[in-house]
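Here the structure is laid out as structure tokens; the discussion comes afterwards.
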Number of protein chains: 2
Amino acid sequence: MPSSLSTTSYALLGLLVFDQETTDGGMTGYELKQRADNTLRFYWASPAMSQIYTELERLDRHGYVAATEVEDGKRTTRRFAITDAGRDALGEWLRTSASEFPQLKHPIALRLMLGSLMGRGEVRAMLDDYLDQLADRRRDLAAVRELLGDRNDVRFPAHVADWGLAYYDSEAEIVERLRKEID
Amino acid sequence: MPSSLSTTSYALLGLLVFDQETTDGGMTGYELKQRADNTLRFYWASPAMSQIYTELERLDRHGYVAATEVEDGKRTTRRFAITDAGRDALGEWLRTSASEFPQLKHPIALRLMLGSLMGRGEVRAMLDDYLDQLADRRRDLAAVRELLGDRNDVRFPAHVADWGLAYYDSEAEIVERLRKEID
DNA sequence: ACAGCCATGTAACTCGTTACATGATTAC
DNA sequence: GTAATCATGTAACGAGTTACATGGCTGT
């Protein structure tokens with residue numbers, strides 16, 4: 001019964017590792033989505049809500065998470081916590097499966113390839129617009145990095161955030177240089 | 001009938017723009033796949049052969065490419081060339097549709113986030129391995145860049161290749177720094 | 001009261017992949 | 001002759017999205 005999970009599935013399971021087990025055990029699907037928006041989004045993908053619930057269901061079937069129904073006023077919410085089996089599976093995955101090379105889908109680069117079909121001004125506008133978006137992203141990630149501080153339990157997520165920040169900086173630099181070359 | 005095409009579809013159409021119209025008109029699906037492996041692969045994705053043929057079929061239905069059957073010894077191969085309508089559609093797409101922000105799927109960063117579940121040596125090995133892969137990639141892309149030279153018709157693809165090379169260099173630098181910090 | 005957030009799910013669909021099938025041509 | 005490459009397609013499947021549907025809770 002390997003019945004391997006997708007990388008996204010392991011990624012979500014991984015987010016549950018950093019759950020600081022509050023009074024109730026675990027996180028809701030909604031909370032997990034928020035965490036994904038704050039972390040996974042920057043170097044993987046933040047799955048749609050519907051997929052979060054689907055994956056949690058799947059992880060539950062594998063016994064990698066434990067669900068508890070919590071009475072919350074009039075409604076009942078489900079909270080999910082990673083199990084020991086889940087932690088084992090995650091460690092096994094990290095240790096035995098090969099790391100794929102990163103996959104980049106870069107619409108700006110793609111369009112730049114076709115720069116000869118655009119006017120000079122259009123190319124410049126596209127790159128400027130990209131620089132703006134890049135700055136927005138960087139701000140978002142910097143805010144997340146701030147939250148992590150230097151707490152030891154999130155030392156690795158902090159490393160990843162630093163990586164992301166350095167990447168955004170380098171990307172902005174490259175695009176600015178490119179912009180000048182094209183003029 | 002807008003019946004918008006996917007970005008991948010436009011990307012393939014874009015590759016046909018650089019077809020230096022030889023004796024026969026256009027490229028075979030097989031040749032297009034090779035070109036995608038040399039270009040698209042680095043900043044988008046190189047579709048599977050089966051998808052190439054599917055997309056060419058679709059582009060043909062839209063009138064964006066023209067197919068010609070060519071007798072090639074005992075077999076008949078189909079060659080595809082971009083049409084004027086195709087060039088128009090591509091320009092329209094470049095001018096009117098918004099550019100999405102790049103999407104990065106980075107398994108190494110994802111795994112690094114879970115570094116606390118791995119041994120120090122395992123993390124280091126993972127990063128070293130990534131640096132090797134990165135160097136391989138860079139070599140491949142540098143070879144492609146070489147081919148482009150300074151020909152004016154491929155000025156923009158060359159810009160994109162330069163962008164990629166700078167990205168790989170920056171990424172290697174960041175990972176090396178990270179490696180030291182983790183030790 | 002009304003908006004905005006919290007919370008959970010199902011159904012239909014798209015995009016793209018792998019597996020399967022087939023066969024000609026070319027280089028050793 | 002036989003392996004690698006050229007060449008073309010179909011079928012089944014998987015991963016993930018958007019649209020749809022529902023309803024409670026919270027702040028103003």
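All values derive from a computational prediction rather than experimental measurement. Letters A, B, ... are given to chains in the order of the sequence lines, protein chains preceding strands, and every chain is numbered from 1.
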Minimum-distance nucleotide (side-chain atoms of B:Thr77 versus C:dG16, D:dA7, D:dC25): D:dA7

Any N/O donor-acceptor pair, A:Arg75 side-chain to D:dC25 base, under 3.5 Å: no

Spacing between B:Met27 atom CE and D:dT8 atom C1', to the nearest angstrom: 16 Å

Residues forming a salt bridge (Lys or Arg N to Asp or Glu O under 4.0 Å) with A:Asp183, sequence neighbours excluded: A:Arg124, A:Arg179

Contact nearer the 5' end of DNA chain D, comparing A:Lys74 with A:Ala48: A:Ala48

A:Ser97 side chain vs A:Trp93 backbone, donor-acceptor pair below 3.5 Å: yes

Residue-phosphate contact under 4.0 Å: B:Ser50 side-chain N/O, D:dT10 OP1/OP2: no

A:Glu173, CD atom: more than 12 neighbouring heavy atoms under 6.0 Å: no

D:dG16 OP1/OP2 closer than 4.0 Å to side-chain N/O of A:Thr54: no

Nucleotide C:dA7, atom P - distance to CZ of A:Phe80 in whole Å: 12 Å

Touch class at under 4.0 angstrom, heavy-atom based, for A:Thr76 against every strand present: nothing

Presence of B:Gln51 side-chain N/O under 4.0 Å of C:dT17 phosphate oxygens OP1/OP2: yes

Integer-rounded Å distance: D:dG16 P and A:Met49 CE: 15 Å

C:dC5 phosphate, OP1 or OP2, under 4.0 Å from A:Gln34 side-chain N/O: no

side-chain contact (heavy atoms from CB on, under 4.5 Å) assessment of B:Met27 paired with B:Arg35: CA-CA 10 Å; B:Met27 306 172 71; B:Arg35 182 167 297 178; 3.5 Å; yes

A:Lys33 NZ to C:dG9 P, straight-line distance once rounded to whole Å: 16 Å

Sugar-phosphate only, base, or nothing, as touched by B:Ser46 at under 4.0 Å among non-hydrogen atoms: sugar-phosphate

Between P of D:dG9 and CD of B:Glu57, the distance in whole Å: 7 Å

Between P of D:dT17 and NZ of B:Lys105, the distance in whole Å: 8 Å

d(OH, B:Tyr30; P, D:dC6) in whole Å: 4 Å

N/O (side chain, A:Arg78) to phosphate O (OP1/OP2, C:dG9) under 4.0 Å: yes

Test of ring centre spacing under 6.0 Å for B:Tyr130 and B:His106: yes

Side-chain N or O of A:Tyr53 closer than 4.0 Å to phosphate OP1/OP2 of C:dG9: no

Atom pair distance, as rounded to whole Å: CD in A:Glu69 and P in C:dA7: 14 Å

